[in-house]
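Below is one structure, written out as C-alpha coordinates, with a few remarks after it.
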Amino acid sequence: MSLPTPDPDPARGAALLTFDREHLWHPYTSMTDPAPVRLVTGAEGVRLHLDDQVSTGSTTGKSVVDAMSSWWSAIHGYRVPELDAALADQAGRMAHVMFGGLTHAPAVELAERLVSITPDPLQHVFLADSGSVSVEVAIKMALQTQRGRGRPERTRLLTLRGGYHGDTFGCMSVCDPVGGMHSMFTEVLAPQVFAERPPAPGGDVEAWAEGVRRLAAENTDELAGIIVEPRLQGAGGMWVYDDRCLVVLREIADEHGLVLIFDEIATGLGRTGDLFVSSQVTPDILCLGKALTGGYLTLAAVLTTTEVAHAISRSESGVLMHGPTFMGNPLACAVALASLDLLAARGWEQDVRRVSSALTAGLSPLAGAPGVAAVRVLGAVGVVQLDHPVDGAKATDAALREGVWIRPFRDLIYTMPPYVTGEEDLARICRAVAAAAEVA
Ligand SMILES: *Cc1c(COP(=O)(O)O)cnc(C)c1O
(Lines give C-alpha, C1' and ligand atoms only; values in the text may rest on other atoms or scores of the structure.)
Protein backbone atom coordinates (compact mmCIF):
# COMPACT_ATOMS: atom_id res chain seq x y z
CA MET A 1 0.00 0.00 0.00
CA SER A 2 1.49 3.31 -1.05
CA LEU A 3 1.51 5.93 1.67
CA PRO A 4 -0.25 9.14 0.84
CA THR A 5 2.11 11.76 -0.46
CA PRO A 6 1.73 15.04 1.35
CA ASP A 7 0.51 17.87 -0.79
CA PRO A 8 3.56 19.75 -2.09
CA ASP A 9 1.72 22.91 -1.12
CA PRO A 10 0.60 22.60 2.50
CA ALA A 11 -0.92 26.07 2.42
CA ARG A 12 -3.42 24.75 -0.14
CA GLY A 13 -4.90 22.25 2.34
CA ALA A 14 -5.26 24.95 4.96
CA ALA A 15 -6.98 27.22 2.43
CA LEU A 16 -9.44 24.46 1.47
CA LEU A 17 -10.37 23.88 5.09
CA THR A 18 -10.82 27.58 5.74
CA PHE A 19 -13.21 28.03 2.81
CA ASP A 20 -14.98 24.80 3.79
CA ARG A 21 -15.58 26.06 7.32
CA GLU A 22 -17.03 29.35 6.14
CA HIS A 23 -19.08 28.32 3.11
CA LEU A 24 -19.80 24.61 2.84
CA TRP A 25 -22.46 22.64 4.64
CA HIS A 26 -21.64 19.10 5.76
CA PRO A 27 -24.35 16.64 6.86
CA TYR A 28 -26.21 17.95 9.89
CA THR A 29 -23.79 20.77 10.67
CA SER A 30 -23.96 24.37 11.74
CA MET A 31 -22.63 27.20 9.59
CA THR A 32 -21.81 29.31 12.64
CA ASP A 33 -20.23 26.58 14.77
CA PRO A 34 -19.13 23.86 12.32
CA ALA A 35 -17.73 20.60 13.65
CA PRO A 36 -14.16 19.95 12.44
CA VAL A 37 -13.71 18.08 9.16
CA ARG A 38 -10.63 16.26 7.90
CA LEU A 39 -9.17 16.59 4.44
CA VAL A 40 -9.12 13.38 2.37
CA THR A 41 -6.63 13.37 -0.50
CA GLY A 42 -7.39 9.90 -1.85
CA ALA A 43 -8.56 6.42 -0.96
CA GLU A 44 -7.38 2.95 -1.89
CA GLY A 45 -8.34 -0.55 -0.76
CA VAL A 46 -10.07 -0.07 2.60
CA ARG A 47 -8.04 3.03 3.46
CA LEU A 48 -8.68 6.76 3.35
CA HIS A 49 -5.67 9.02 2.96
CA LEU A 50 -5.96 12.00 5.25
CA ASP A 51 -3.93 15.15 4.85
CA ASP A 52 -2.87 15.46 8.45
CA GLN A 53 -0.35 18.19 7.72
CA VAL A 54 -3.18 20.63 8.03
CA SER A 55 -4.60 19.46 11.32
CA THR A 56 -1.57 18.02 13.11
CA GLY A 57 1.49 19.39 11.34
CA SER A 58 2.68 15.84 10.53
CA THR A 59 4.66 15.73 7.30
CA THR A 60 3.54 12.33 6.02
CA GLY A 61 -0.23 12.33 5.98
CA LYS A 62 -2.04 9.38 7.45
CA SER A 63 -3.76 6.29 6.07
CA VAL A 64 -6.74 5.05 8.06
CA VAL A 65 -9.07 2.08 7.66
CA ASP A 66 -12.58 3.23 6.73
CA ALA A 67 -14.77 1.34 9.21
CA MET A 68 -17.84 3.16 7.83
CA SER A 69 -17.58 2.14 4.14
CA SER A 70 -18.45 5.77 3.36
CA TRP A 71 -21.83 5.47 5.04
CA TRP A 72 -22.33 1.77 4.30
CA SER A 73 -21.82 2.02 0.55
CA ALA A 74 -18.18 1.23 -0.37
CA ILE A 75 -18.54 -2.52 0.15
CA HIS A 76 -15.57 -3.36 -2.12
CA GLY A 77 -13.36 -0.54 -0.81
CA TYR A 78 -11.81 2.20 -2.97
CA ARG A 79 -10.18 2.40 -6.40
CA VAL A 80 -11.55 -1.01 -7.26
CA PRO A 81 -10.02 -1.88 -10.68
CA GLU A 82 -13.21 -3.52 -12.02
CA LEU A 83 -15.38 -0.56 -11.01
CA ASP A 84 -12.86 2.01 -12.27
CA ALA A 85 -12.80 0.18 -15.62
CA ALA A 86 -16.61 0.03 -15.89
CA LEU A 87 -16.83 3.75 -15.20
CA ALA A 88 -14.11 4.66 -17.70
CA ASP A 89 -15.65 2.43 -20.35
CA GLN A 90 -19.09 3.97 -19.91
CA ALA A 91 -17.64 7.50 -19.80
CA GLY A 92 -16.12 6.73 -23.21
CA ARG A 93 -19.63 6.06 -24.60
CA MET A 94 -21.82 8.60 -22.79
CA ALA A 95 -21.98 9.95 -19.27
CA HIS A 96 -25.67 10.73 -19.31
CA VAL A 97 -28.72 11.06 -21.51
CA MET A 98 -32.28 11.83 -20.48
CA PHE A 99 -34.43 8.78 -19.71
CA GLY A 100 -37.65 10.29 -21.03
CA GLY A 101 -38.21 8.74 -24.45
CA LEU A 102 -34.71 7.23 -24.51
CA THR A 103 -33.16 4.11 -23.04
CA HIS A 104 -29.74 2.44 -22.97
CA ALA A 105 -28.03 -0.86 -22.25
CA PRO A 106 -26.66 0.01 -18.77
CA ALA A 107 -30.15 0.78 -17.42
CA VAL A 108 -31.81 -2.21 -19.08
CA GLU A 109 -29.07 -4.62 -18.02
CA LEU A 110 -29.15 -3.33 -14.45
CA ALA A 111 -32.93 -3.73 -14.33
CA GLU A 112 -32.63 -7.27 -15.70
CA ARG A 113 -30.02 -8.08 -13.07
CA LEU A 114 -32.05 -6.60 -10.20
CA VAL A 115 -35.15 -8.51 -11.26
CA SER A 116 -33.12 -11.73 -11.44
CA ILE A 117 -31.40 -11.44 -8.02
CA THR A 118 -34.41 -10.23 -6.00
CA PRO A 119 -37.42 -12.43 -5.11
CA ASP A 120 -39.53 -13.55 -8.10
CA PRO A 121 -42.63 -11.41 -7.45
CA LEU A 122 -40.53 -8.21 -7.83
CA GLN A 123 -40.55 -7.62 -11.59
CA HIS A 124 -40.63 -3.87 -12.29
CA VAL A 125 -37.88 -1.33 -11.67
CA PHE A 126 -37.72 2.44 -11.11
CA LEU A 127 -34.19 3.86 -11.09
CA ALA A 128 -33.97 6.81 -8.71
CA ASP A 129 -31.04 9.08 -7.96
CA SER A 130 -30.74 8.66 -4.20
CA GLY A 131 -32.09 6.60 -1.34
CA SER A 132 -34.41 9.33 -0.11
CA VAL A 133 -35.85 9.81 -3.60
CA SER A 134 -36.46 6.07 -3.88
CA VAL A 135 -38.45 6.17 -0.63
CA GLU A 136 -40.46 9.14 -1.92
CA VAL A 137 -41.19 7.14 -5.06
CA ALA A 138 -42.15 4.06 -3.03
CA ILE A 139 -44.57 6.12 -0.92
CA LYS A 140 -46.05 7.69 -4.04
CA MET A 141 -46.41 4.21 -5.54
CA ALA A 142 -48.31 2.98 -2.47
CA LEU A 143 -50.73 5.91 -2.70
CA GLN A 144 -51.19 5.53 -6.45
CA THR A 145 -51.74 1.79 -5.99
CA GLN A 146 -54.65 2.54 -3.65
CA ARG A 147 -56.05 5.06 -6.15
CA GLY A 148 -55.78 2.43 -8.85
CA ARG A 149 -57.75 0.09 -6.62
CA GLY A 150 -60.44 2.71 -6.18
CA ARG A 151 -59.39 3.64 -2.62
CA PRO A 152 -58.03 7.22 -2.95
CA GLU A 153 -58.81 7.95 0.73
CA ARG A 154 -56.07 5.52 1.78
CA THR A 155 -53.07 7.88 2.04
CA ARG A 156 -51.33 7.22 5.35
CA LEU A 157 -48.50 4.85 6.19
CA LEU A 158 -47.98 2.51 9.10
CA THR A 159 -44.37 2.44 10.21
CA LEU A 160 -42.16 1.65 13.20
CA ARG A 161 -40.70 3.81 15.90
CA GLY A 162 -36.90 3.79 15.72
CA GLY A 163 -36.88 3.93 11.92
CA TYR A 164 -34.96 6.08 9.45
CA HIS A 165 -35.94 6.46 5.79
CA GLY A 166 -34.16 9.58 4.56
CA ASP A 167 -34.18 13.36 4.83
CA THR A 168 -36.81 14.63 2.36
CA PHE A 169 -40.31 15.46 3.58
CA GLY A 170 -42.09 12.21 2.77
CA CYS A 171 -39.16 10.30 4.25
CA MET A 172 -39.09 12.51 7.35
CA SER A 173 -42.76 11.75 7.99
CA VAL A 174 -41.93 8.06 8.48
CA CYS A 175 -38.69 8.54 10.47
CA ASP A 176 -38.79 7.98 14.23
CA PRO A 177 -41.02 10.76 15.61
CA VAL A 178 -38.80 11.36 18.64
CA GLY A 179 -35.26 10.82 17.37
CA GLY A 180 -36.10 12.11 13.90
CA MET A 181 -36.97 15.61 12.74
CA HIS A 182 -40.62 15.63 13.73
CA SER A 183 -40.48 18.14 16.52
CA MET A 184 -39.38 20.93 14.17
CA PHE A 185 -41.64 20.03 11.25
CA THR A 186 -44.76 18.53 12.84
CA GLU A 187 -47.08 20.99 11.08
CA VAL A 188 -45.83 20.18 7.60
CA LEU A 189 -45.28 16.42 7.88
CA ALA A 190 -47.90 13.91 6.81
CA PRO A 191 -49.33 12.40 10.02
CA GLN A 192 -48.37 8.73 9.87
CA VAL A 193 -49.24 5.82 12.15
CA PHE A 194 -46.40 4.65 14.38
CA ALA A 195 -46.18 1.16 15.82
CA GLU A 196 -43.80 0.26 18.64
CA ARG A 197 -40.23 -0.64 17.82
CA PRO A 198 -40.10 -4.43 17.35
CA PRO A 199 -38.50 -6.47 20.13
CA ALA A 200 -34.86 -7.54 19.86
CA PRO A 201 -34.33 -11.15 18.71
CA GLY A 202 -35.61 -13.48 21.43
CA GLY A 203 -38.17 -10.90 22.60
CA ASP A 204 -41.95 -11.22 22.74
CA VAL A 205 -43.01 -10.98 19.09
CA GLU A 206 -46.63 -11.90 19.84
CA ALA A 207 -47.14 -9.03 22.30
CA TRP A 208 -45.68 -6.60 19.77
CA ALA A 209 -47.74 -8.10 16.95
CA GLU A 210 -50.95 -7.60 18.90
CA GLY A 211 -50.26 -3.87 19.17
CA VAL A 212 -49.52 -3.53 15.45
CA ARG A 213 -52.61 -5.52 14.49
CA ARG A 214 -54.73 -3.23 16.64
CA LEU A 215 -53.22 -0.07 15.06
CA ALA A 216 -53.76 -1.44 11.57
CA ALA A 217 -57.37 -2.32 12.36
CA GLU A 218 -58.07 1.10 13.91
CA ASN A 219 -56.67 2.95 10.91
CA THR A 220 -57.45 0.51 8.13
CA ASP A 221 -59.62 2.88 6.07
CA GLU A 222 -56.91 5.54 5.93
CA LEU A 223 -53.86 3.34 5.47
CA ALA A 224 -52.20 2.90 2.07
CA GLY A 225 -49.22 0.84 3.13
CA ILE A 226 -46.59 -0.23 5.63
CA ILE A 227 -42.97 0.90 5.35
CA VAL A 228 -40.11 -0.56 7.41
CA GLU A 229 -36.40 -1.25 7.35
CA PRO A 230 -36.41 -5.05 7.62
CA ARG A 231 -34.30 -6.79 10.28
CA LEU A 232 -32.05 -3.79 11.05
CA GLN A 233 -33.16 -0.25 11.78
CA GLY A 234 -30.04 1.70 10.86
CA ALA A 235 -29.65 5.45 11.33
CA GLY A 236 -32.63 5.46 13.74
CA GLY A 237 -30.55 3.62 16.35
CA MET A 238 -29.00 0.40 14.94
CA TRP A 239 -31.82 -1.76 16.32
CA VAL A 240 -31.90 -5.43 15.31
CA TYR A 241 -35.16 -7.37 15.30
CA ASP A 242 -36.52 -10.79 14.52
CA ASP A 243 -37.61 -11.71 10.97
CA ARG A 244 -40.79 -13.14 12.55
CA CYS A 245 -41.92 -9.51 12.91
CA LEU A 246 -41.73 -9.22 9.11
CA VAL A 247 -43.97 -12.26 8.75
CA VAL A 248 -46.48 -10.49 10.99
CA LEU A 249 -46.28 -7.31 8.89
CA ARG A 250 -46.80 -9.35 5.72
CA GLU A 251 -49.92 -10.93 7.25
CA ILE A 252 -51.28 -7.54 8.35
CA ALA A 253 -50.63 -6.04 4.90
CA ASP A 254 -52.47 -8.92 3.22
CA GLU A 255 -55.36 -8.83 5.66
CA HIS A 256 -55.96 -5.08 5.19
CA GLY A 257 -54.94 -4.73 1.55
CA LEU A 258 -51.90 -2.58 2.40
CA VAL A 259 -48.82 -2.16 0.20
CA LEU A 260 -45.81 -3.55 2.09
CA ILE A 261 -42.61 -1.55 1.46
CA PHE A 262 -39.20 -2.77 2.61
CA ASP A 263 -36.56 -0.07 2.70
CA GLU A 264 -33.41 -2.16 2.16
CA ILE A 265 -31.27 0.84 1.30
CA ALA A 266 -28.98 -0.12 4.19
CA THR A 267 -29.62 -3.85 4.58
CA GLY A 268 -29.64 -4.81 0.90
CA LEU A 269 -26.76 -6.46 -0.95
CA GLY A 270 -25.49 -8.70 1.79
CA ARG A 271 -24.89 -6.42 4.77
CA THR A 272 -26.94 -8.46 7.24
CA GLY A 273 -25.94 -11.91 5.93
CA ASP A 274 -28.65 -12.39 3.27
CA LEU A 275 -28.31 -10.79 -0.14
CA PHE A 276 -31.71 -9.24 0.68
CA VAL A 277 -33.81 -9.64 3.82
CA SER A 278 -36.65 -9.66 1.29
CA SER A 279 -35.59 -13.15 0.26
CA GLN A 280 -37.04 -14.32 3.62
CA VAL A 281 -40.27 -12.30 3.53
CA THR A 282 -41.23 -10.69 0.23
CA PRO A 283 -42.57 -7.11 0.15
CA ASP A 284 -44.69 -5.51 -2.58
CA ILE A 285 -42.14 -2.72 -3.01
CA LEU A 286 -38.39 -2.88 -2.33
CA CYS A 287 -36.00 0.09 -2.10
CA LEU A 288 -32.27 -0.37 -2.72
CA GLY A 289 -29.50 2.22 -2.55
CA LYS A 290 -26.25 2.89 -0.69
CA ALA A 291 -24.12 -0.15 -1.71
CA LEU A 292 -25.80 -0.46 -5.12
CA THR A 293 -22.91 1.19 -6.98
CA GLY A 294 -20.26 -0.07 -4.55
CA GLY A 295 -20.16 3.47 -3.18
CA TYR A 296 -19.05 5.06 -6.47
CA LEU A 297 -22.07 7.10 -7.51
CA THR A 298 -25.49 7.99 -6.21
CA LEU A 299 -28.15 5.56 -7.43
CA ALA A 300 -31.17 3.82 -5.95
CA ALA A 301 -33.76 1.41 -7.28
CA VAL A 302 -37.38 0.69 -6.44
CA LEU A 303 -38.72 -2.73 -7.40
CA THR A 304 -42.40 -3.65 -7.41
CA THR A 305 -44.68 -6.60 -7.99
CA THR A 306 -46.76 -6.74 -11.15
CA GLU A 307 -49.93 -6.25 -9.09
CA VAL A 308 -48.59 -2.92 -7.76
CA ALA A 309 -47.26 -1.82 -11.17
CA HIS A 310 -50.63 -2.52 -12.79
CA ALA A 311 -52.65 -0.86 -10.02
CA ILE A 312 -50.50 2.30 -10.38
CA SER A 313 -51.20 2.22 -14.10
CA ARG A 314 -54.94 2.06 -13.38
CA SER A 315 -54.85 5.21 -11.20
CA GLU A 316 -56.45 8.26 -12.85
CA SER A 317 -53.14 9.59 -14.24
CA GLY A 318 -52.49 6.23 -15.85
CA VAL A 319 -48.78 6.70 -15.19
CA LEU A 320 -46.36 6.68 -12.27
CA MET A 321 -45.98 10.38 -11.53
CA HIS A 322 -42.21 10.60 -11.15
CA GLY A 323 -39.18 11.17 -13.39
CA PRO A 324 -36.01 12.84 -12.14
CA THR A 325 -33.54 14.58 -14.49
CA PHE A 326 -30.78 12.07 -13.82
CA MET A 327 -33.01 8.99 -13.84
CA GLY A 328 -31.15 5.85 -14.96
CA ASN A 329 -27.81 7.65 -15.18
CA PRO A 330 -25.63 5.42 -17.41
CA LEU A 331 -22.42 5.89 -15.41
CA ALA A 332 -24.17 4.88 -12.20
CA CYS A 333 -25.92 1.92 -13.87
CA ALA A 334 -22.68 0.67 -15.44
CA VAL A 335 -20.78 0.83 -12.16
CA ALA A 336 -23.70 -0.82 -10.31
CA LEU A 337 -23.60 -3.73 -12.75
CA ALA A 338 -19.86 -4.09 -12.27
CA SER A 339 -20.33 -3.96 -8.50
CA LEU A 340 -22.99 -6.70 -8.61
CA ASP A 341 -20.66 -8.82 -10.80
CA LEU A 342 -17.87 -8.36 -8.31
CA LEU A 343 -20.12 -9.14 -5.36
CA ALA A 344 -20.97 -12.51 -6.92
CA ALA A 345 -17.43 -13.21 -8.16
CA ARG A 346 -15.76 -12.53 -4.82
CA GLY A 347 -18.23 -14.63 -2.87
CA TRP A 348 -19.88 -11.99 -0.70
CA GLU A 349 -21.38 -14.59 1.66
CA GLN A 350 -18.00 -15.83 2.72
CA ASP A 351 -16.71 -12.27 3.09
CA VAL A 352 -19.66 -11.18 5.24
CA ARG A 353 -19.36 -14.30 7.39
CA ARG A 354 -15.65 -13.63 7.89
CA VAL A 355 -16.27 -9.99 8.84
CA SER A 356 -19.05 -11.10 11.18
CA SER A 357 -16.83 -13.58 13.02
CA ALA A 358 -14.06 -11.01 13.41
CA LEU A 359 -16.46 -8.38 14.74
CA THR A 360 -18.01 -10.90 17.14
CA ALA A 361 -14.58 -11.95 18.41
CA GLY A 362 -13.31 -8.38 18.71
CA LEU A 363 -16.38 -6.60 20.08
CA SER A 364 -18.17 -9.11 22.31
CA PRO A 365 -15.53 -8.74 25.07
CA LEU A 366 -16.74 -5.13 25.42
CA ALA A 367 -20.12 -6.29 26.72
CA GLY A 368 -20.19 -5.41 30.41
CA ALA A 369 -17.33 -2.91 30.17
CA PRO A 370 -17.89 0.36 32.06
CA GLY A 371 -20.23 2.65 30.10
CA VAL A 372 -21.23 -0.06 27.62
CA ALA A 373 -24.96 -0.87 27.54
CA ALA A 374 -24.99 -3.47 24.76
CA VAL A 375 -22.95 -5.03 21.98
CA ARG A 376 -24.68 -6.23 18.79
CA VAL A 377 -23.20 -7.95 15.77
CA LEU A 378 -25.37 -8.79 12.74
CA GLY A 379 -23.70 -9.80 9.49
CA ALA A 380 -21.07 -7.19 8.66
CA VAL A 381 -22.44 -4.72 11.23
CA GLY A 382 -20.89 -4.25 14.67
CA VAL A 383 -22.52 -1.96 17.22
CA VAL A 384 -21.43 -0.87 20.68
CA GLN A 385 -24.20 1.01 22.45
CA LEU A 386 -23.10 3.13 25.40
CA ASP A 387 -25.19 4.06 28.43
CA HIS A 388 -24.66 7.76 27.62
CA PRO A 389 -24.42 10.00 24.53
CA VAL A 390 -21.12 9.64 22.70
CA ASP A 391 -18.58 12.45 22.78
CA GLY A 392 -18.14 12.30 18.99
CA ALA A 393 -14.90 14.28 18.76
CA LYS A 394 -13.18 12.30 21.52
CA ALA A 395 -14.35 8.97 20.08
CA THR A 396 -13.25 9.87 16.55
CA ASP A 397 -9.81 11.02 17.73
CA ALA A 398 -9.29 7.84 19.77
CA ALA A 399 -10.14 5.69 16.75
CA LEU A 400 -7.89 7.73 14.47
CA ARG A 401 -5.00 7.12 16.87
CA GLU A 402 -5.61 3.40 16.20
CA GLY A 403 -5.63 4.13 12.47
CA VAL A 404 -9.39 3.83 11.93
CA TRP A 405 -12.12 6.19 10.72
CA ILE A 406 -15.48 5.95 12.52
CA ARG A 407 -18.45 8.28 12.81
CA PRO A 408 -20.36 7.65 16.04
CA PHE A 409 -23.83 9.09 16.64
CA ARG A 410 -26.19 9.37 19.61
CA ASP A 411 -25.08 6.64 22.07
CA LEU A 412 -23.62 4.44 19.34
CA ILE A 413 -20.13 3.55 18.24
CA TYR A 414 -20.43 1.20 15.31
CA THR A 415 -18.72 -0.18 12.25
CA MET A 416 -19.95 -1.34 8.84
CA PRO A 417 -16.61 -2.15 7.19
CA PRO A 418 -16.11 -2.95 3.49
CA TYR A 419 -16.76 -6.67 2.91
CA VAL A 420 -13.18 -7.03 1.62
CA THR A 421 -11.56 -5.87 4.88
CA GLY A 422 -8.76 -8.27 5.88
CA GLU A 423 -8.24 -9.96 9.24
CA GLU A 424 -5.61 -7.53 10.52
CA ASP A 425 -7.67 -4.50 9.62
CA LEU A 426 -10.79 -6.02 11.20
CA ALA A 427 -8.85 -6.52 14.43
CA ARG A 428 -7.65 -2.93 14.14
CA ILE A 429 -11.24 -1.73 13.73
CA CYS A 430 -12.29 -3.61 16.88
CA ARG A 431 -9.39 -2.11 18.83
CA ALA A 432 -10.38 1.34 17.61
CA VAL A 433 -14.06 0.85 18.56
CA ALA A 434 -12.91 -0.31 22.01
CA ALA A 435 -10.62 2.70 22.38
CA ALA A 436 -13.42 5.03 21.29
CA ALA A 437 -15.90 3.42 23.70
CA GLU A 438 -13.43 3.86 26.53
CA VAL A 439 -12.96 7.62 26.10
CA ALA A 440 -16.40 8.56 24.80
C1 LIG B 1 -29.38 6.06 3.99
C2 LIG B 1 -30.78 5.62 4.05
C3 LIG B 1 -31.79 6.31 3.34
C4 LIG B 1 -31.54 7.57 2.58
O5 LIG B 1 -30.68 7.41 1.49
P6 LIG B 1 -29.95 8.69 0.85
O7 LIG B 1 -29.20 8.12 -0.32
O8 LIG B 1 -29.05 9.23 1.92
O9 LIG B 1 -31.00 9.66 0.46
C10 LIG B 1 -33.08 5.80 3.41
N11 LIG B 1 -33.36 4.68 4.10
C12 LIG B 1 -32.41 3.99 4.76
C13 LIG B 1 -32.78 2.75 5.49
C14 LIG B 1 -31.09 4.44 4.78
O15 LIG B 1 -30.17 3.78 5.48
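Computation of the quantities below employed the complete heavy-atom set of this structure, encompassing side-chain atoms and omitting hydrogens, waters and symmetry-equivalent molecules. Whatever order the structure lists them in is the order used to number ligands and atoms, beginning at 1.
With 3.5 Å as the limit, one finds a donor-acceptor pair spanning the side chains of Ser278 and Glu264. Side-chain contact, Tyr296 with Asp84: a donor N or O sits under 3.5 Å from an acceptor N or O.
Salt-bridge check for Arg213 with Glu206: passed, with a basic side-chain N closer than 4.0 Å to an acidic carboxylate O.
The two residues Ala398 and Ala435 have their closest heavy-atom pair at CB-O, 3.9 Å.
With sequence neighbours left out, Tyr78 forms a ring pair (Phe, Tyr, Trp, His ring centres under 6.0 Å) with no residue at all.
Near ligand 1, Trp72, Ser130, Gly131, Ser132, Tyr164, His165, Gly166, Glu229, Asp263, Ile265, Ala266, Lys290 each place a heavy atom less than 4.0 angstrom from the ligand.
Under a cutoff of 6.0 Å and an axis angle of 45°, Arg271 and Trp72 do not form a cation-pi pair.
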